[in-house]
Every structure is written in C-alpha cells, then in structure tokens.
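Worth saying up front: this structure is predicted, and the values here are computed from it rather than measured.
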Amino acid sequence: MFKKACEEEAGEGERPRGRMPGMEIIPGRGLELVMIGDHRTGVEERIGPPSLGHAADRPAVYATTPTLVIAYAPDDTVELVEIGYSGQGGEAEASYDGIQLTHRLIDDVVAELHAKGYTSKPFDIGYDFHAGFSVWSMRVLEAREVDRTAEEDDPRCVVEGVSVAPYGCFGDE
C-alpha cells in the first residue's frame, strides 16, 4: 500500500518521496501501515530501511513524512509505534477520531479528546490515553509556531509526537 501510494504521488518513473498516506492512529495497535506485532521485514518491505542507525538498532527511525520511530522487541516484532510531527498540517499529521493530534497545542488536543469521552493520565511530558496512545512534547516547538497570537515567552506545549501501544506499556499501570 505505501509503496503504491508513494509511486502514485511521485509519478511514473520517479523515486517515491516517502510521504505517508493518512496518519490515523489505531489506539493500542499502531497505524494501518505498521501494527504492533508486525515483523521488521514486513515493515521494511512497506516503508524501506531505517534512515538512522544500523538496521538492528532499536528504536528504528524511518525517513517518512511524518517521521516514524519504531521500537522492536528482541524477536524483531513491532512493540511501539511513534509518529512525529511533520509541521505541514492536515493529513501529514497524526490524527484520531477526526482530531489532529500532532503540531497543535497539547491543551487543545487533550480537551478535544476528553470532550469525546477519551480519558487520560498526565505524565511528565504529556498524556497517556487509556485507549492505547500518548501525546507528548519535548518542548522543541514553541506555542507561536502553531498559534500566531502567542507571545514569545508563551509556556504552552505543542504536541510533537504520538506513541501508540497497548495502554499497559505506558506509565505504571
């Protein structure tokens, strides 16, 4: 699916550009393209080899848009899928249930998810959602990068990534 979508986007005879088609997460499972339990060889057939580090390194970083970071278990099966922000908005960002998750203010994302009935537990850099995903910020992006009205010293966090795995993998529960 990924290679075909990339080939269609790139055009006949051009090299695929690595843009991921739709980034809707599947809580506790991953993405349609990469699921918890998939074997590394199947993942790399779909999205290519990791761009950073040796192929056996964990986690593996893939040069897709947005960036995928995949943690593999010792048996080379996927145990965690992370989606970074692309900064492009829309389908280039991770989403769930009609809500854009990445490259938005974390408080807005959490409020919209809570309004839809999803529950979460805060942790030091974000929120673990009981459905099986986390939204987080390493505080690399500033609020003014997603809110033109934000002041230079605005302390609000921007969601820079989403981690997807069964809820038991997050935190201490």
Open item on the list: Rounded at 0.5 Å granularity, tell me how far CD in Glu142 sits from CG in Asp147.
Closed with: 12.5 Å
Open item on the list: Using side-chain heavy atoms (C-beta onward) and a distance below 4.5 Å, is Met23 in contact with Leu31?
Closed with: yes
Task: Verdict with supporting geometry, Ile83 and Leu68, side-chain contact (heavy atoms from CB on, under 4.5 Å) - done: CA-CA 5 Å; Ile83 306 103; Leu68 286 180; 3.7 Å; yes
Task: Donor-acceptor contact below 3.5 Å, side chain Arg46 vs main chain Leu33 - done: yes
TODO: Look at the side chain of Thr102 and the backbone N and O of Ala94, then say whether any donor-acceptor pair between them is shorter than 3.5 Å.
DONE: yes
- [ ] Could you tell me the separation between the CD1 atom of Ile125 and the CE atom of Met138, rounded to the nearest 0.5 Å?
- [x] 5.0 Å
Open item on the list: How long is the straight-line distance from OH of Tyr62 back to CD1 of Ile47, given to the nearest 0.5 Å?
Closed with: 5.5 Å
Open item on the list: With heavy-atom distances below 4.5 Å as the criterion, would you say the side chains of Ile99 and Leu113 are in contact?
Closed with: yes
TODO: Measure across Ala143 and Leu105 and return the closest heavy-atom pair with its distance rounded to 0.1 Å.
DONE: CB-CD2, 3.9 Å
TODO: Locate the shortest heavy-atom distance separating Ala60 from Arg40; write the atom from each residue and the value.
DONE: CB-NH1, 4.2 Å
Open item on the list: Using the side-chain contact (heavy atoms from CB on, under 4.5 Å) definition, which of the options Val43, Val81, Asp76, Thr77 pairs with Asp38?
Closed with: Val43
TODO: Check for a donor-acceptor pair, side chain of Glu160 on one end and backbone N or O of Leu141 on the other, with a separation under 3.5 Å.
DONE: yes
Open item on the list: Tell me the closest heavy-atom pair linking Ala131 and Pro27, and the distance in Å.
Closed with: O-CB, 3.3 Å
Open item on the list: Looking at every non-hydrogen atom in both residues, tell me the closest pair between Arg29 and Val164 and how far apart they are.
Closed with: N-CG1, 3.8 Å
- [ ] Please check if the side chain of Ser51 supplies one atom and the backbone of Val61 the other of a donor-acceptor pair under 3.5 Å.
- [x] yes
Task: Common cluster, Ile36/Tyr72, ILVMFWY with side-chain heavy-atom separation under 4.5 Å - done: yes
Open item on the list: For Pro155, is there any backbone N or O sitting under 3.5 Å from a side-chain donor or acceptor partner on Arg139?
Closed with: yes
TODO: In sequence, state the C-alpha distance, the side-chain angles, and the governing distance for Asp97 and Tyr118, and then conclude on side-chain contact (heavy atoms from CB on, under 4.5 Å).
DONE: CA-CA 10 Å; Asp97 198 8; Tyr118 300 106; 2.7 Å; yes
Task: Nearest heavy-atom neighbours spanning His114 and Ser120 - done: NE2-OG, 2.8 Å
TODO: May I ask you to say whether Arg104 pairs ionically with Glu93, meaning some side-chain N is under 4.0 Å from a carboxylate O?
DONE: no
- [ ] With rounding to the nearest 0.5 Å, note down the distance linking CZ in Arg156 to CD in Glu151.
- [x] 10.0 Å
Task: Val159-Trp136 co-clustered via ILVMFWY side chain contacts under 4.5 Å - done: no
Open item on the list: Apply side-chain hydrogen bond (donor to acceptor under 3.5 Å, both in side chains) to residues Ser86 and His103 and explain how you reach the verdict.
Closed with: CA-CA 7 Å; Ser86 75; His103 206 247; over 6 Å; no
Task: Evaluation steps, side-chain contact (heavy atoms from CB on, under 4.5 Å), between Val162 and Val109 - done: CA-CA 12 Å; Val162 177; Val109 171; over 6 Å; no
Task: Flag side-chain contact, heavy atom, 4.5 Å: Val158 against Glu145 - done: no
Open item on the list: Looking at every heavy atom in both Leu80 and Ser163, which two are closest together, and how far apart are they?
Closed with: CD1-CB, 4.0 Å
- [ ] Return the orientation label for the Tyr127 and Phe129 ring planes: parallel under 30°, perpendicular over 60°, tilted otherwise.
- [x] tilted
Open item on the list: Check the orientation of His130 and Tyr167. Use parallel for under 30°, tilted for 30 to 60°, and perpendicular for over 60°.
Closed with: tilted
Task: Among Lys116, Glu24, Glu112, the one residue meeting side-chain contact (heavy atoms from CB on, under 4.5 Å) with Tyr96 - done: Glu24
TODO: Begin with the C-alpha distance, continue with both residues' side-chain angles, and end with the deciding distance and a verdict on side-chain contact (heavy atoms from CB on, under 4.5 Å) for Ile70 and Glu44.
DONE: CA-CA 11 Å; Ile70 301 173; Glu44 293 181 2; over 6 Å; no
